[in-house]
Amino acid sequence: VVTYNTLIDACCKLRRIDEAFGLFRSMVIKGLEPNLITFNVVLNGLCREGRMKETSGILDEMSRKGYVPDEVSYNTLINGYCKEGNLHQALFLHAEMVRNGLSPGVVTYTSLIDCMCKAGNLNRAIEFLDQMHVRGLSPNERTYTTLINGFSQQGLLNEAYRVLDEMIGSGFSPSVVTYNALINGHCLLGRIEEATEVLQNMDGKGLTPDVVSYSTIIGGCCRNHDVDRAFQLKKEMDHKGILPDAITYSSIIRGLCEQRRLIDAFDVFREMLYTGLPPDEFTYTTLIDAYCKEGDLNRAFDLHDEMIQKGILPD
RNA sequence: CUAAAUGGGA
């Protein structure tokens, strides 16, 4: 059963949920009883795909077999509904888990805080943080990072840094993710200089900027119509041995398209192919959109066909 | 063996 659970989980994480279901069903055929973890893994697979409707069927199947959802099950579902933007259902499940005698833990609260942040309701996020303290729970590094990201996304950098201080004061070391959230906050305000400073200060904290750190700033430069600076940063990445990914490339392509530099954009696209990085749906959509806007429908259709041929489905 | 946080398109 453990082997199956591991395999099913791996399929879910690779977004091969159909194979996951195949394995799940074949367990029963082989006479293996799925356990609570199996069900949790399957629930998580559905949640990750945004297939929340299908979770009730699995929950029914669970209860038919006599399994009662545990904290992990609830956290999985709460997070799924949060990502879907269904705050109501997330809060309902939070109440239900308490009603069923389960104690929401730090993971539950971090999900709810993230949910509120993404909904732009930072006051509500802080309320949950306070509620955690009342219940004797301590936020962890991820909880703080979630909040810092929430404030950064809203352009409330002072608040974000206040949380950072609190985080450090509580004995936590900000991670690369924490700093990346702050970098993004600076970029969203168009303050690329500051973002770059944060990036540079990371080294002194014993942290190495990663592909996200760079892609964030590259995206920020492109939004500011400064593609040249984006190229500079891309060079710096190459120099440091940080491998760009599809997002890094798509950001640059997007910046070039916006400047109507479609020839350059296509060159970058070719470089991407050349380095063996598979473009994804976003990359294609960016280019197709740009060619359409230029009235070059032939190239747009060529790319459309190319993406289908590569098994990337247009949406 | 399962749950929470950071970057790109329309």
Side-chain angles (χ1 to χ4, degrees), chain A residues 1-10 12-13 20 34-45 47-48 69-80 82-83 90 97 104-115 117-118 125 128 139-150 152-153 160 163 167 174-185 187-188 195 198 209-223 230 233 244-255 257-258 265 279-290 292-293 314-315:
Chain A
V1 178
V2 173
T3 311
Y4 268 96
N5 289 349
T6 308
L7 287 171
I8 294 170
D9 188 45
C12 290
K13 290 186 172 141
N35 61 18
L36 184 54
I37 294 179
T38 318
F39 283 106
N40 285 343
V41 165
V42 171
L43 284 174
N44 192 232
C47 290
R48 292 173 67 103
D70 65 358
E71 196 199 327
V72 174
S73 323
Y74 275 104
N75 288 342
T76 304
L77 291 167
I78 288 172
N79 195 250
C82 285
K83 286 194 183 127
M97 79 187 280
V106 62
V107 175
T108 318
Y109 279 103
T110 304
S111 287
L112 289 167
I113 288 170
D114 187 43
C115 191
C117 287
K118 301 229 155 96
F128 277 113
N140 63 20
E141 188 244 308
R142 283 199 185 202
T143 317
Y144 283 116
T145 301
T146 302
L147 268 168
I148 289 170
N149 184 49
S152 292
Q153 293 272 9
V163 177
M167 175 181 185
S175 66
V176 174
V177 176
T178 315
Y179 285 110
N180 287 348
L182 289 165
I183 287 173
N184 190 36
C187 288
L188 290 173
V198 176
D210 63 8
V211 60
V212 176
S213 323
Y214 276 96
S215 301
T216 304
I217 306 187
I218 286 174
C221 292
C222 291
R223 245 179 272 125
L233 284 157
D245 63 11
I247 297 184
T248 321
Y249 277 105
S250 300
S251 303
I252 297 174
I253 290 171
R254 166 86 235 289
C257 288
E258 194 232 11
D280 62 15
E281 190 191 320
F282 281 52
T283 321
Y284 279 106
T285 307
T286 305
L287 278 168
I288 290 172
D289 181 57
C292 286
K293 282 177 178 150
D315 62 5

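Every chain is numbered from 1 and lettered A, B, ... according to where its sequence line falls, protein lines coming before strand lines. Quick note: numbers below take in every heavy atom, side chains included, and nothing from hydrogens, waters or symmetry partners. On a predicted model such as this, the values are computed, not experimentally measured, just so you know.
Here A:Val212 lies in heavy-atom contact (under 4.0 Å) with a base. Here A:Thr248 lies in heavy-atom contact (under 4.0 Å) with a base. Looking at heavy-atom distances under 4.0 Å, A:Thr146 makes contact with sugar-phosphate atoms alone, never a base. Base contact: A:Asn140 has a heavy atom under 4.0 Å from a base atom. When heavy atoms are screened at a 4.0 angstrom cut-off, A:Gln153 is found touching the sugar-phosphate backbone but no base atom. A:Thr285 comes within 4.0 angstrom of a nucleotide base, judged by non-hydrogen atoms across all strands. A:Ser73 comes within contact range of no nucleotide atom at all, as no heavy-atom separation falls under 4.0 Å. Residue A:Thr145 is classed as a base contact, given a heavy-atom separation below 4.0 Å to a base. The residue A:Ser215 sits close to a base: some heavy atom pair falls under 4.0 Å.
Residues satisfying the salt bridge (charged side-chain N to carboxylate O under 4.0 Å, His left out) test with A:Lys118, not counting sequence neighbours, are A:Asp114. A:Asp9 meets the salt bridge (charged side-chain N to carboxylate O under 4.0 Å, His left out) test with A:Lys13; sequence neighbours excluded. Looking at residues two or more places apart in sequence or on another chain, you find a side-chain contact (heavy atoms from CB on, under 4.5 Å) between A:Ser152 and A:Ile148, A:Leu157, A:Ala160, A:Leu182. With sequence neighbours excluded, no residue forms a ring pair (Phe, Tyr, Trp, His ring centres under 6.0 Å) with A:Tyr249. Considering only residues two or more places apart in sequence or on other chains, A:Phe39 meets the ring pair (Phe, Tyr, Trp, His ring centres under 6.0 Å) condition with A:Phe24, A:Tyr67. Under the rule for a ring pair (Phe, Tyr, Trp, His ring centres under 6.0 Å), A:Tyr74 has no partner lying at least two apart in sequence or in another chain. Residues passing the salt bridge (charged side-chain N to carboxylate O under 4.0 Å, His left out) test with A:Asp289, sequence neighbours excluded: A:Lys293.
A donor-acceptor contact shorter than 3.5 Å links the side chain of A:Thr178 to the backbone of A:Ser175.
Paired runs in RNA chain B never reach 3 or more consecutive Watson-Crick or G-U pairs with both distances under 3.5 Å.
Put simply, chain A comes within 4.0 Å of RNA chain B, heavy atom to any atom, from B:rC1 to B:rA10, going 5' to 3'.
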